[in-house]
Amino acid sequence: MTQTKTLIEVPDFLTVRELAGIMEVSPIDVIKELMSNGIMANINQQIDFDTASIVAEEMGFEVVAPQVEVDEVEDVDEQLAWRKVLAEEREADLEPRAPVVTMLGHVDHGKTSLLDVIRQSDVQSGEAGGITQHIGAYQVNREGELVTFLDTPGHEAFTAMRARGAQATDIAVLVVAADDGVMPQTREAVDHARAARVPIIVALNKIDLETSRPERVKQQLTEIDLIPDDWDGDTMVIPVSAKEILGIDDLLEAILLVSEDIQPRANPTASATGTVLEAKIEKGRGAMTTLLVQNGTLKMGDTLLVGQNYGRIKAMFDHKGKRVREAGPSMPLSVSGLGGIPEAGEQFRVVESEKAARRIIAEEQEDQRQAPIGRQKSISLEEFFSRLQEGEAKSLNLIVKADVQGSLEPIVNSLEEMENEEVSVEILRASTGNVSESDVMLASASDAIILGFNVDIDPIAKAAASSEQVDVRNYRIIYKLFEDVEKAMKGMLAPTYRDVVIGRAEVRQVFRIRGIGNIAGSYMRTGVARRNASAHIVRNGRLLNTGPVGSLKHLQENVREVKTGFEFGVSIEGWNDYEPGDIIEFFVSERVED
C-alpha cells in the first residue's frame with residue numbers, strides 16, 4: 001500500500017527558510033537536498049516553485065500552488081489566468097497614501113526656513129499645544145489630504161539614505177533663492193533627485209527681496225533642463241517667501257497635483273516595513289528612533305528588526321509628540337525600545353518576537369561568514385556583462401569629471417553618441433573639478449561609474465569610494481576613456497548564442513508521479529544529460545517540444561548529470577506526453593564570439 005504524501009501549498013517564489021517552515025523541517029535538510037540537486041543556496045536565498053517542488057517531493061510532500069489543486073490547473077493558460085487573479089487581489093490591497101516630500105537645494109536658499117513655515121502653518125491651523133518634539137519629519141494636513149515632509153540636512157543625507165537601500169521620497173522640492181539663482185549645490189541637488197527618478201517641483205524662494213530676479217532664475221533653470229511650466233515646460237515653479245509667508249498654499253497645492261499624477265499607494269494591512277530617518281540618545285528617554293512607515297501598519301508592542309538592532313516597541317510618538325498606538329503608511333514617528341542606534345537609511349521590518357530577531361541575525365551572520373566573497377556592492381565596467389545576463393537593466397550610469405569645460409563637453413557628447421538600441425547611456429552628472437565625496441555617494445546610490453579626465457580624487461572621496469566599492473577611473477589620455485567605455489558597452493550588448501547538442505537519450509518507459517506529472521525513464525545513448533541543460537523531444541524524426549530540464553534522477557537520487565550507458569529518469573518542462581522510443585536531445589546554449 002502506497003503511503004499518502006502530505007499536501008503543501010508553495011507560492012511562485014519563496015526563500016529556503018520559508019520552504020523549510022512550510023514543511024516543518026530543518027532548513028539544513030532543505031539545503032542538503034538542494035545541494036544533491038546541484039543547487040548551492042543559503043537559508044535566505046529565494047527559489048522558484050519548480051525547484052521547491054522537486055525538493056519537497058524528495059522529502060515526502062506533494063506540492064500545489066496556493067488555493068488551487070493540481071488537477072484544477074489543466075494547462076498553462078489556466079495557470080497563468082489564475083496567477084493573474086492573485087496579482088489583481090494583491091493590487092486590490094493597495095490604498096492611496098500621503099506623498100513623501102524632501103526639500104533639496106543650496107545651503108543658504110531657505111530650505112529650513114521654508115520647512116519651518118510649513119510646519120508652523122499646520123500647527124496654527126491644527127491642535128493647540130504646538131510642537132513638543134522635533135523628529136526630523138512631519139505631516140501637514142492640506143484640505144483633508146496629508147503630505148509628509150522629511151527634514152533632511154541636504155542632498156548628501158538624501159543620497160546617503162539611497163546608498164543604504166532606502167527610497168523614501170516620492171517628490172523632491174528644489175528650493176532656489178530668487179536673488180542668488182542656480183548655484184553649484186543646486187545643480188548637485190538636481191543630479192541626486194534625477195538619479196532617484198523622482199519628480200521635481202521648484203520653490204522659488206525669497207521673492208520678497210528687492211534684489212530678486214525670478215525671470216533670470218527661470219532662464220538658469222532651463223539650462224539644467226528644468227523648463228518652467230509658464231515657459232511651456234513641465235516643471236512647476238512656485239514663487240514663495242518663507243520670511244513673508246507667501247505662496248505656501250500654492251506650493252502645497254502643487255505637491256498634491258504631482259501626487260495625484262504619481263498616485264503613491266501602499267497596503268495598510270501588511271506587516272509594517274519602512275526606513276530609519278534618524279536615531280539618537282535622548283535624556284530621560286534613552287534610544288529614540290525616527291521611522292517612516294512605508295508599507296503596512298506599525299503597532300504598539302511590535303518587535304522591530306533593523307540590521308543588527310532589534311527590540312519591542314515600548315512607546316510611539318507622532319511628529320507633534322503625541323503618543324499613538326499605531327502608524328500607517330507615510331507616517332513618520334519616533335519610537336523607543338530598540339536595543340541599539342541604527343543608521344539613517346536602514347530598513348526596518350516587524351518580526352514575530354525578540355527571540356526570532358536574534359535567530360534571524362545569527363543566521364544572517366552565519367550566512368555572511370560562510371558565503372564566498374560575492375559580487376561587489378556597486379558596479380564596475382567589467383561587471384556589466386554579467387549583470388545583463390542576469391536580466392538587469394541595460395543602462396550604463398556615468399558621472400563625468402574633467403579638468404576644464406573645454407574637455408568636459410566633447411567627452412559628454414562622445415559618450416552620449418555611444419548610446420544604441422541595446423544600451424542606454426545615462427550621464428547623471430557632468431562637471432569640472434576633482435572627484436568629490438558627493439560624486440561617490442551619488443555613484444553608490446545609483447550604481448554609477450565615475451570617469452575622471454585630468455582630475456584628482458579628494459582624499460575623503462577616495463576613502464568613501466573604497467568603503468562604498470565605487471569604481472572610479474581616472475584617465476590622462478582621452479581615447480583610452482572612450483575605448484574602455486566602448487568595450488563595456490559591447491559586453492553589454494545582447495550576445496548571439498547557438499545550441500550545442502551534448503547528448504542523446506532514448507525513452508524506454510514512462511512513469512506517472514502525482515503532483516509532478518510524467519517522468520521519462522530513459523537510457524543515455526551518447527554524450528551526457530545535464531540538469532542545467534535544455535532538451536528537444538523528437539519522435540520519428542519530428543521535433544515535438546523544446547524546454548529546460550525539469551528534473552534529473554539516477555536510482556531515485558537527484559543528480560547534476562548522467563553519462564553514456566546509464567539509465568535515468570527525466571522530466572522536461574512544458575511536456576508530459578512521452579512515449580517509449582522518443583529521442584531526447586540535450587543541448588546547451590553557447591555564446592558565439594565575434
Side-chain angles (χ1 to χ4, degrees), residues 97-107 109-123 131 133-142 145-175 185 188-190 192-203 205 242 248 251-252 254-256 258-259 262 264 266 272-280 288-295 298 306 317-321 327-335 342-348 441-442 445:
R97 61 170 176 81
V100 180
V101 179
T102 297
M103 287 198 176
L104 305 172
H106 187 71
V107 66
H109 283 194
K111 297 191 304 291
T112 303
S113 299
L114 203 52
L115 282 164
D116 287 342
V117 168
I118 293 171
R119 183 191 292 113
Q120 293 294 338
S121 67
D122 189 59
V123 169
I131 303 168
Q133 72 175 130
H134 174 65
I135 66 168
Y138 60 88
Q139 285 189 311
V140 170
N141 191 320
R142 165 74 179 179
E145 295 190 64
L146 290 174
V147 179
T148 301
F149 287 90
L150 304 187
D151 190 0
T152 58
H155 60 263
E156 294 88 354
F158 171 79
T159 303
M161 290 177 66
R162 286 186 59 232
R164 297 188 187 105
Q167 184 73 11
T169 302
D170 299 310
I171 301 169
V173 171
L174 181 69
V175 182
Q185 282 190 353
E188 286 192 2
V190 171
H192 287 261
R194 282 184 173 144
R197 301 187 184 280
V198 294
I200 299 172
I201 297 171
V202 175
N205 195 21
I248 305 304
L251 180 59
L252 292 172
I255 290 170
L256 290 176
V258 174
S259 176
I262 62 176
T273 57
T275 298
V276 175
L277 300 180
E278 63 181 9
K280 56 188 176 182
M288 298 296 295
T289 306
T290 302
L291 307 174
L292 174 68
V293 180
Q294 292 177 273
N295 199 53
L298 189 63
V306 191
F317 303 90
D318 67 11
H319 68 278
K320 295 181 179 179
S330 295
M331 181 172 174
L333 73 158
S334 184
V335 305
E343 290 188 57
E346 285 195 283
Q347 308 293 285
F348 75 81
M441 294 310 296
L442 177 57

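Residues take their numbers from the sequence shown, with the count starting at 1.
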Peer 1: Hey, could you give me the NE2/CD distance between H192 and Q185, rounded to the nearest 0.5 Å?
Peer 2: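 Spacing of NE2 (H192) from CD (Q185) equals 10.0 Å.
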Peer 1: Step by step, work out the side-chain contact (heavy atoms from CB on, under 4.5 Å) result for M103 and I118.
Peer 2: CA-CA 12 Å; M103 287 198 176; I118 293 171; 3.5 Å; yes
Peer 1: As an exercise, state the distance from CG of N205 to CG of L174, rounded to the nearest 0.5 Å.
Peer 2: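 Nearest 0.5 Å value for the CG-CG distance: 11.5 Å.
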Peer 1: Under the side-chain contact (heavy atoms from CB on, under 4.5 Å) test, which residues partner P199, sequence neighbours left out?
Peer 2: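 With sequence neighbours excluded, P199 shows a side-chain contact (heavy atoms from CB on, under 4.5 Å) to I171, V258, I262, given in chain and number order.
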Peer 1: Side chain of Y138, backbone of L115: donor and acceptor closer than 3.5 Å?
Peer 2: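 Yes: the side chain of Y138 pairs with the backbone of L115.
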Peer 1: Heavy atoms only: give me the nearest A168-V100 pair and the separation to one decimal.
Peer 2: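 Nearest heavy atoms, A168 then V100: O-CG1, 3.2 Å.
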Peer 1: Of the non-hydrogen atoms in A193 and L104, which two are nearest, and what is the gap between them?
Peer 2: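 Closest heavy-atom pair between A193 and L104: CB-CD1, 4.1 Å.
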Peer 1: Atom CG of L252 and atom CZ of R142: how far apart are they, to the nearest 0.5 Å?
Peer 2: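 That separation rounds to 6.0 Å.
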Peer 1: For the residue pair T275 and Q347, confirm or rule out a side-chain donor-acceptor distance under 3.5 Å.
Peer 2: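 Side-chain D/A pair, T275 to Q347: present.
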Peer 1: State, yes or no, whether a side-chain contact exists between F348 and V335 at a heavy-atom distance under 4.5 Å.
Peer 2: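 Answer no - side chains too far apart.
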Peer 1: Testing the basics here: between A344 and L277, what is the closest heavy-atom pair and its distance to 0.1 Å?
Peer 2: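 Closest approach of A344 to L277, heavy atoms only: CB-O, 3.3 Å.
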Peer 1: Measuring from S259:OG to L146:CG, what's the distance to the nearest 0.5 Å?
Peer 2: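 The CG atom of L146 is 10.5 Å from OG of S259, to the nearest 0.5 Å.
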Peer 1: Go through the steps to decide whether T290 and K280 satisfy the test side-chain contact (heavy atoms from CB on, under 4.5 Å), and finish with yes or no.
Peer 2: CA-CA 9 Å; T290 302; K280 56 188 176 182; 6.0 Å; no
Peer 1: Which residues pass the side-chain contact (heavy atoms from CB on, under 4.5 Å) test with S113, sequence neighbours left out?
Peer 2: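 Applying side-chain contact (heavy atoms from CB on, under 4.5 Å) to S113 gives A242.
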Peer 1: Do T148 and P332 have side chains that get closer than 4.5 Å, going by heavy atoms?
Peer 2: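 Yes - at least one pair of side-chain heavy atoms lies under 4.5 Å apart.
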Peer 1: Nearest 0.5 Å please: distance from the CG atom of L333 over to the CE atom of M288.
Peer 2: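 It is 9.0 Å, given to the nearest 0.5 Å.
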Peer 1: Of all heavy-atom pairs between R97 and A266, which one has the smallest distance, and what is that distance?
Peer 2: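 Looks like CD-CB, 3.8 Å.
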Peer 1: Could you tell me which non-hydrogen atom of A137 sits nearest to which non-hydrogen atom of H319, and how far apart they are?
Peer 2: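 Heavy atoms only, the tightest pair is O-CB, 3.4 Å.
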Peer 1: Is the backbone of D318 close enough, under 3.5 Å, to the side chain of Q139 for a donor and an acceptor to pair up by distance?
Peer 2: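 No, Q139 side chain to D318 backbone: no donor-acceptor pair under 3.5 Å.
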Peer 1: What pair of heavy atoms forms the shortest contact from A98 to S330, and how long is it?
Peer 2: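 Nearest heavy atoms, A98 then S330: O-OG, 2.6 Å.
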Peer 1: Taking side chain to side chain donor-acceptor pair (under 3.5 Å) as the definition, give me every residue that meets it alongside T289, ordered by chain and number, with sequence neighbours left out.
Peer 2: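 Here no residue qualifies.
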Peer 1: I'd like to check V276 versus L291 (side-chain heavy atoms, cut-off strictly below 4.5 Å). Are they in contact?
Peer 2: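 A side-chain contact exists here, since the closest heavy-atom pair is under 4.5 Å.
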Peer 1: So L251 and L114, do their side chains get closer than 4.5 Å, heavy atoms only?
Peer 2: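 Sidechains of L251 and L114: in contact.
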Peer 1: Which distance, rounded to the nearest 0.5 Å, do you find between the CD1 of I255 and the CG of D170?
Peer 2: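 Separation between the atoms: 11.0 Å.
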